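Note on naming: letters A, B, ... go to the chains in the order of the sequence lines (proteins, then strands), and numbering restarts at 1 for each one. As the structure is a prediction and not an experimental result, all values here were calculated from the model.
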2 protein chains.
Amino acid sequence: MATMSSVGQSHLLSPLELRAWRGMLRAHAVLAKALDAQLEEAHNLQLSSYEVLMYLADAEHERMRMCDLASSILLSRSGLTRLVDRLAREGLIERVACDADARGQFAKLTPAGREKLAAARITHLAGVRALFLERFTPEELEMLGGAWDRVIDGAGYSCCKT
Amino acid sequence: MATMSSVGQSHLLSPLELRAWRGMLRAHAVLAKALDAQLEEAHNLQLSSYEVLMYLADAEHERMRMCDLASSILLSRSGLTRLVDRLAREGLIERVACDADARGQFAKLTPAGREKLAAARITHLAGVRALFLERFTPEELEMLGGAWDRVIDGAGYSCCKT
DNA sequence: GTCGTATCGTTGTGCGTGCAACCAGCATGT
DNA sequence: ACATGCTGGTTGCACGCACAACGATACGAC
């Protein structure tokens, strides 16, 4: 009778594991939603757009190849094409041909984009601090950083490439 | 001249903070993709579908109200309606009217769904262990569990409720 | 030079999701 | 009993994304 509905408990997660795992899923979901809403509210900017601007700002000459940008922000090439379309339409970035490779395109920050980012960055980083970073001690952050690296290249990283 | 392109560093994240924060974003993305692919590969089941089956299996009588289920798996009500549609079409769950409240619907696990989950659970939990849990020590997991709680209810949790 | 293969970016298409609107049914007050 | 407001689930619609196919260009072998 005990074999009815919940056999196979042998592989289930312990409460400890469950808290750590599901906690991460929920925390990520909640954070992403909160930060995105915050950014949209304050600057009418989506999180994905913010990421593009940020990577561009931190790149040499404020420009990056579509390809590299796509893998930086974990988006498919086609997804990036459209995202760049939208941002270009808003005048925040522009496309620049690549002279070294005629197939290539650069996405390049415009002055408007630079300003937009400067403003958004303040909001966003404040949010990240308030909602995430402040919940950890420096030691914990240190630990996290290392653990993420283990997780990331443990998971094959087989995604991306394209 | 130093005022050219990257002023306002004052609010930027320290390398420590950056590693912890971006690491989480990437880790989550990589994990989600890997686990989803794995589940789809092995059992032709999406992660969101798996979550539904799992919550149902763990619920009393293997059934839950649409509403509760939606907030459990962090999905909008409309999103859940369609997800349940798909799962019902595959015969893994069924809709059952609620006698206490004529508006209500239960999503209920079918025998086929129960079997599907039993198989998928093994795969999925093995994946979670291998890709995530094993990268942390028990102490670290303990710390994480607590931290996630702080993060989650710090972030307002203003999402959900539909 | 030319051919075959790989890579870059774009486009067509389908899918999953959220939001808003909607209807049916509950709950409360009078 | 009836009116009002609220809740649960579904539907129309728009959006963002991935996948596959495509044209253009690069790179290498011959």
Quiz item: Expressed in angstrom and rounded to an integer, what is the separation of A:Arg77 atom CZ from D:dC19 atom C1'?
Solution: 10 Å

Quiz item: If each of B:Gly104 and A:Asp99 is mapped to the nucleotide of DNA chain D with the nearest heavy atom, which maps nearer the 5' terminus, i.e. the 5' end?
Solution: B:Gly104

Quiz item: Could you give the CG-to-C1' distance, from B:Leu45 to C:dG16, as a whole number of Å?
Solution: 15 Å

Quiz item: Is A:Leu12 linked to A:Met24 within one hydrophobic cluster, defined over Ile, Leu, Val, Met, Phe, Trp and Tyr using a side-chain heavy-atom separation of less than 4.5 Å?
Solution: yes

Quiz item: Please give, in whole Å, the distance from C:dG18 C1' to B:Leu74 CG?
Solution: 14 Å

Practice problem: Can you tell me the distance, in whole Å, between the CG atom of A:Leu75 and the C1' atom of D:dC15? | Solution: 14 Å

Quiz item: To the nearest Å, how far apart are B:Asp36 CG and D:dA18 P?
Solution: 12 Å

Quiz item: B:Ser14: what forms a side chain to side chain donor-acceptor pair (under 3.5 Å) with it, not counting sequence neighbours?
Solution: B:Glu17

Exercise. Take the protein atom CG of A:Leu80 and the nucleotide atom P of C:dT7, then report the distance between them rounded to whole Å.
Key: 19 Å

Quiz item: Listed by chain and number, what are the side chain to side chain donor-acceptor pair (under 3.5 Å) partners of A:Asp58, not counting sequence neighbours?
Solution: A:Arg121

Quiz item: Has the side chain of B:Arg103 got a donor or acceptor atom sitting under 3.5 Å from an opposite partner on the base of D:dG9?
Solution: no

Quiz prompt | Residues that B:Ser78 engages under side chain to side chain donor-acceptor pair (under 3.5 Å), provided they are two or more places apart | solution = B:Ser76

Practice problem: Report which part of the nucleic acid B:Arg86 touches: base, sugar-phosphate, or nothing (heavy-atom distance under 4.0 Å, all strands). | Solution: sugar-phosphate

Exercise. Measure from the side-chain heavy atoms of A:Ser78 and tell me the nearest of D:dA20, C:dC26, D:dT10.
Key: D:dA20

Self-check item: Residue pairs, two or more places apart or on separate chains, that pass ring-ring contact (aromatic ring centres under 6.0 Å, His included) and touch residues 104-133 of chain A
Solution: A:Tyr50-A:His124, A:Phe132-A:Phe136, A:Phe132-B:Trp21

Self-check item: Whole-Å gap separating C1' (C:dC19) and CD (A:Glu40)
Solution: 13 Å

Quiz item: For D:dG16, does OP1 or OP2 lie under 4.0 Å from any side-chain N or O of A:Gln46?
Solution: yes

Quiz prompt | Qualifying residues under ring-ring contact (aromatic ring centres under 6.0 Å, His included), relative to B:His43, sequence neighbours excluded | solution = none

Practice problem: Return the stems involving DNA chain C, sorted by first number, where pairs are Watson-Crick (N1-N3 with N6-O4 or O6-N4) or G-U wobble (N1-O2 and O6-N3), both under 3.5 Å, and runs are 3 or more long. | Solution: C:1-30 with D:1-30

Quiz item: Any side-chain N or O of A:Arg65 under 4.0 Å from OP1/OP2 of C:dT7?
Solution: no

Quiz item: Are any of the side-chain nitrogens in B:Arg114 or B:Glu94 under 4.0 Å away from the carboxylate oxygens of its partner?
Solution: no

Practice problem: Test for a donor-acceptor pair under 3.5 Å between the base of D:dG9 and the side chain of B:Arg82, counting only N and O atoms. | Solution: no

Exercise. Kindly point out which of D:dA26, C:dT17, D:dT10 is positioned nearest to the side chain of B:Ser48?
Key: C:dT17

Exercise. Ignoring the backbone of A:Thr81, work out which of D:dG8, D:dT10, C:dT10 is nearest its side chain.
Key: C:dT10

Practice problem: Quickly work out the A:Tyr50 OH to D:dG16 P distance and round it to whole Å. | Solution: 20 Å

